[in-house]
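Report on the structure given below.
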Amino acid sequence: VKGGMQTGDNQRYVRKHWEAPDTDSRPFTNAGGDVWVLPQVDEMIDWRENGDLIRRNDSSRFQNSNYYGEPGLTWAYIKRTGRRFGYYPENGVFGHASNMLFTEQGLSPWLVLAALNSDLFHGLMLCLTPERRWESGYVGRLPWFRALEQDTDLEEKVREQYEKLV
């Protein structure tokens, strides 16, 4: 589980996707919105000079930047219902308010997505945080059941859901 960047000036560097130029912009997730299976990402970040323009801003904070552009799972920090995890595809950048979960090599993010959106994992999270604030520390404390890795049906079904939504 990784936290993302702070631009130090979102008004300057972040735009809705219809406002951003086609070049030098990348998808940007920074919390909020509905993320079940397919996150609703409608913002783009100015990524000129590979983000160096933002990095030069004294109030920006780049953390875990080696994960920028990598596919992973993101989630809604506060939501009244379960099923809050979604697959965030490659080439995007994530902000400090929208943490990301990256799977170990060999472990399918699709399988982890199916598990995290299950009633079982939702119940486990409510045991950790009944006020429904799903901070990265709580998500990182969830146990993983290796037996799930033998179930290829879960991975196939969540991929099908994603493809239908795309």
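Along the sequence shown, the residues carry numbers beginning at 1.
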> Asn57 and Asp9: side chain to side chain contact (heavy atoms under 4.5 Å, CB included), yes or no, with the steps?
Replying inline: CA-CA 8 Å; Asn57 181 343; Asp9 190 349; 3.8 Å; yes
> Is it true that Trp18 and Tyr13 fall in one hydrophobic cluster, defined by side-chain heavy atoms closer than 4.5 Å?
Replying inline: no
> Do the non-hydrogen side-chain atoms of Pro109 and Thr103 ever get within less than 4.5 Å of each other?
Replying inline: yes
>> To the closest 0.5 Å, what do you measure between OH (Tyr68) and CD1 (Ile45)?
In response: 8.0 Å
> Is the NZ atom of Lys16 crowded by more than 12 outside heavy atoms at less than 6.0 Å?
Replying inline: yes
>> Please tell me whether Met44 and Val93 are part of a single hydrophobic cluster in this structure, the criterion being side-chain heavy atoms less than 4.5 Å apart.
In response: no
> Say you draw a straight line from CG of Leu154 to OG of Ser108; how long is it, rounded to the nearest 0.5 Å?
Replying inline: 10.0 Å
> Between the side chains of Ser60 and Thr7, does any donor sit under 3.5 Å from an acceptor?
Replying inline: no
> Phe102 and Tyr88: ring pair (Phe, Tyr, Trp, His ring centres under 6.0 Å), yes or no, with the steps?
Replying inline: CA-CA 10 Å; Phe102 299 95; Tyr88 190 61; 9.1 Å; no
> When the ring planes of Tyr87 and Tyr162 are compared, do they come out parallel, tilted or perpendicular, using 30° and 60° as the limits?
Replying inline: perpendicular
> Heavy-atom distance under 4.5 Å between the side chains of Leu101 and Val112, does that happen here?
Replying inline: yes
> Where is the tightest heavy-atom contact between Asp46 and Leu53, given as atom of each residue plus distance?
Replying inline: OD2-CD2, 3.7 Å
> Would you say Arg15's side chain and Gln11's backbone share a donor-acceptor pair under 3.5 angstrom?
Replying inline: yes
> Should the pair Arg56-Glu49 be classified as a salt bridge under the 4.0 Å nitrogen-to-oxygen rule?
Replying inline: yes
> Backbone N or O of Asn91 within a donor-acceptor pair of the Arg26 side chain at under 3.5 Å?
Replying inline: yes
> How are the rings of His122 and Trp134 set to each other: parallel, tilted or perpendicular (split at 30° and 60°)?
Replying inline: tilted
> Going from NE2 on His17 to OG on Ser25, what distance comes out if it is rounded to the nearest 0.5 angstrom?
Replying inline: 12.0 Å
>> Using side chain to side chain contact (heavy atoms under 4.5 Å, CB included), reason through Arg48 and Ile54 one step at a time and then give a plain yes or no.
In response: CA-CA 9 Å; Arg48 284 179 284 174; Ile54 299 168; over 6 Å; no
> Using 4.0 Å as the upper bound for N to carboxylate O, is an ion pair formed by Glu104 and Arg146?
Replying inline: yes
> Taking atom types as modelled and ignoring hydrogens, do the side chains of Glu149 and Trp144 form a donor-acceptor contact shorter than 3.5 angstrom?
Replying inline: yes
>> Distance check, rounded to the nearest 0.5 Å: Ser136 atom OG versus Met100 atom CE?
In response: 13.0 Å
>> Working note: Val41 + Phe28, criterion side chain to side chain contact (heavy atoms under 4.5 Å, CB included); need CA distance, chi angles, decisive distance, verdict.
In response: CA-CA 7 Å; Val41 178; Phe28 184 64; 5.7 Å; no
>> For the residue pair Gln63 / Arg61, report whether a side-chain donor-acceptor contact shorter than 3.5 Å exists.
In response: yes
> How long is the span from the OG atom in Ser98 to the CE atom in Met5, to the nearest 0.5 Å?
Replying inline: 13.0 Å
> Are Leu116 and Leu126 grouped together when hydrophobic residues (ILVMFWY) are joined by side-chain heavy atoms under 4.5 angstrom apart?
Replying inline: no
> Is Thr129 close to Glu135 at the side-chain level, that is, under 4.5 Å between some pair of heavy atoms?
Replying inline: no
> Should the pair Glu160-Lys164 be classified as a salt bridge under the 4.0 Å nitrogen-to-oxygen rule?
Replying inline: no
> Are Val158 and Leu111 side-chain neighbours, meaning at least one heavy-atom pair lies under 4.5 Å?
Replying inline: no
> Should we say atom CD of Glu90 is surrounded by more than 12 heavy atoms from elsewhere, each under 6.0 Å from it?
Replying inline: no
>> Could you measure the distance from the CD atom of Glu155 to the CG atom of Leu148? Nearest 0.5 Å is fine.
In response: 11.5 Å
> Out of Phe85, Phe94, Tyr138, which residue meets the ring pair (Phe, Tyr, Trp, His ring centres under 6.0 Å) rule with Trp75?
Replying inline: Phe85
> Does Asn64 reach the main-chain N or O of Tyr67 with its side chain, forming a donor-acceptor pair under 3.5 Å?
Replying inline: no
>> Below 30° counts as parallel, above 60° as perpendicular, anything between as tilted: where do the rings of Phe121 and Phe145 land?
In response: perpendicular
